[in-house]
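Please read the structure below before turning to the comments.
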There are 2 protein chains.
Amino acid sequence: MKIGELARRTGLSLDTIRYYERIGLLPPADRNTARQRDYDPSILTWIAFLRRLKTTGMPIRDMVRYAALRAQGEETAAERGALLRHHRDAVQAHVDELHACLAVLDTKIAGYAGTTREDVNHDPDDQRPGPAPDAQRRR
Amino acid sequence: MKIGELARRTGLSLDTIRYYERIGLLPPADRNTARQRDYDPSILTWIAFLRRLKTTGMPIRDMVRYAALRAQGEETAAERGALLRHHRDAVQAHVDELHACLAVLDTKIAGYAGTTREDVNHDPDDQRPGPAPDAQRRR
DNA sequence: CTAGGTGCTGGAGCGCACTCCAGGTCAAGC
DNA sequence: GCTTGACCTGGAGTGCGCTCCAGCACCTAG
């Protein structure tokens with residue numbers, strides 16, 4: 001598989017794939033006779049996993065660390081496991097935080113629900129809006 | 001309340017507070033006789049809300065949009081409500097995605113659990129690791 | 001009267017994660 | 001033989017969200 005097809009199949013851009021290789025997220029690709037990158041389909045699994053790490057907010061430098069450990073082989077398994085457990089906990093904590101935020105958002109949205117009616121608080125934004133409601137105070 | 005105290009109470013840096021004001025996230029602060037910013041405590045509520053928007057991944061430009069609408073007063077309430085509902089849905093979608101990722105992470109971590117034993121797959125990372133497990137292939 | 005602390009402004013700089021570009025190679029189709 | 005298109009490299013540029021800095025003003029304590 002050449003880089004163009006890999007890009008289509010992963011949704012990554014050509015530049016991003018090459019960038020990921022440069023920084024060590026992807027292993028140095030094999031090359032065909034024309035020195036073009038020639039990927040084994042197994043790279044798709046790895047990229048899918050990288051995408052999950054990214055989705056869950058892992059910074060690239062940590063992904064690079066994980067990738068480096070993985071490239072070193074079997075004896076780094078314990079460290080990789082620890083890294084993932086640590087990340088899992090961070091993600092879980094973030095999810096909890098998001099749930100709390102969602103509750104606040106829903107409350108606020110409920111405050112806006114009666115919009116243009118007068119049966120709810122004037123401005124759900126704050127108790128003492130100070131300079132807010134008198135508006136047009138743009139300098 | 002002067003900017004230093006606000007910084008202590010919010011955990012934002014002085015620079016961040018001034019930056020937020022510059023870009024319109026915070027309303028232009030009142031000034032005391034020495035032209036120093038003098039905050040009403042109600043700003044704390046607003047900043048707490050901004051922090052939630054940020055935690056939930058709203059880009060600053062969208063927060064600025066929301067802040068601008070809010071500063072325009074009552075007649076933008078509907079639009080603000082729509083904006084929040086839209087964001088809430090995005091956050092919910094992201095949370096769902098995170099749950100899926102957590103499941104994958106847990107599976108992978110389980111694969112690492114038997115680390116240094118041989119009763120689990122050699123390398124939980126992929127089915128056909130290609131150049132991975134033979135290691136030290138750093139150029 | 002002076003020193004230290006806190007605040008002010010405008011503007012430069014930074015780390016991150018890409019993204020774009022110029023100038024080139026190579027293989028295949030017309 | 002020539003064009004087209006996919007790919008190559010090294011390096012510069014971008015947008016975001018701050019963060020830092022120089023040089024100055026002001027207030028309070030000693």
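None of these values were measured; they are calculated from a predicted model. In what follows, every heavy atom counts, from backbone to side chain, and hydrogens, waters and symmetry copies are set aside. Below, chains carry the letters A, B, ... as their sequence lines are ordered, and counting in each starts from 1.
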Tell me every residue that passes side-chain hydrogen bond (donor to acceptor under 3.5 Å, both in side chains) with A:Arg37, counting only those two or more places apart in sequence or in another chain. A:Glu21
Please list each protein N or O that sits under 3.5 Å from an N or O in nucleotides 14-18 of chain D, with the distance.
residue, atom, partner, partner atom, Å
D:dC16, OP1, B:Arg61, NH1, 3.4
D:dG17, OP1, B:Ile60, N, 3.2
D:dG17, OP2, B:Ile60, N, 3.4
D:dC18, OP1, B:Lys54, NZ, 3.1
D:dC18, OP2, B:Tyr20, OH, 2.8

Got a donor-acceptor contact below 3.5 angstrom from the B:Arg51 side chain to the B:Thr10 backbone? yes
B:Ile23: partners by side chain to side chain contact (heavy atoms under 4.5 Å, CB included), with sequence neighbours left out: B:Tyr19, B:Tyr20, B:Leu25, B:Ile60, B:Val64
Would you tabulate the pairs of protein nitrogen or oxygen atoms and nucleotide nitrogen or oxygen atoms of nucleotides 2-7 of chain D closer than 3.5 angstrom?
residue, atom, partner, partner atom, Å
D:dC7, OP1, A:Gly4, N, 3.0

Pairs flagged by salt bridge (charged side-chain N to carboxylate O under 4.0 Å, His left out) wherever residues 83-107 of chain B is involved - sequence neighbours left out: A:Arg88-B:Asp106, A:Asp106-B:Arg88
CD1 of A:Ile17 versus P of D:dT9: gap in Å, rounded? 13 Å
Using the side chain to side chain contact (heavy atoms under 4.5 Å, CB included) criterion, which residues pair with A:Ala90? Sequence neighbours excluded. none
Restricting to ring-ring contact (aromatic ring centres under 6.0 Å, His included), what partner residues turn up for B:His99, sequence neighbours left out? A:His99
Going by side-chain hydrogen bond (donor to acceptor under 3.5 Å, both in side chains), name the residues that satisfy it together with B:Ser13, two or more places apart in sequence or in a different chain. B:Thr16
So, using salt bridge (charged side-chain N to carboxylate O under 4.0 Å, His left out) as the criterion, who are the partners of A:Arg52 when residues are at least two apart? none
With sequence neighbours left out, which residue pairs that include part of residues 55-65 of chain A fulfil the salt bridge (charged side-chain N to carboxylate O under 4.0 Å, His left out) condition? A:Arg65-A:Glu79
For A:His94, give me all partners under ring-ring contact (aromatic ring centres under 6.0 Å, His included), at least two apart in sequence or on another chain. none
What are the bounds, 5' to 3', of the part of DNA chain C that sits under 4.0 Å from heavy atoms of chain A? C:dC16 to C:dC26
Taking only side-chain N and O atoms of A:Arg31, does any of them lie within less than 4.0 angstrom of OP1 or OP2 on D:dT9? yes
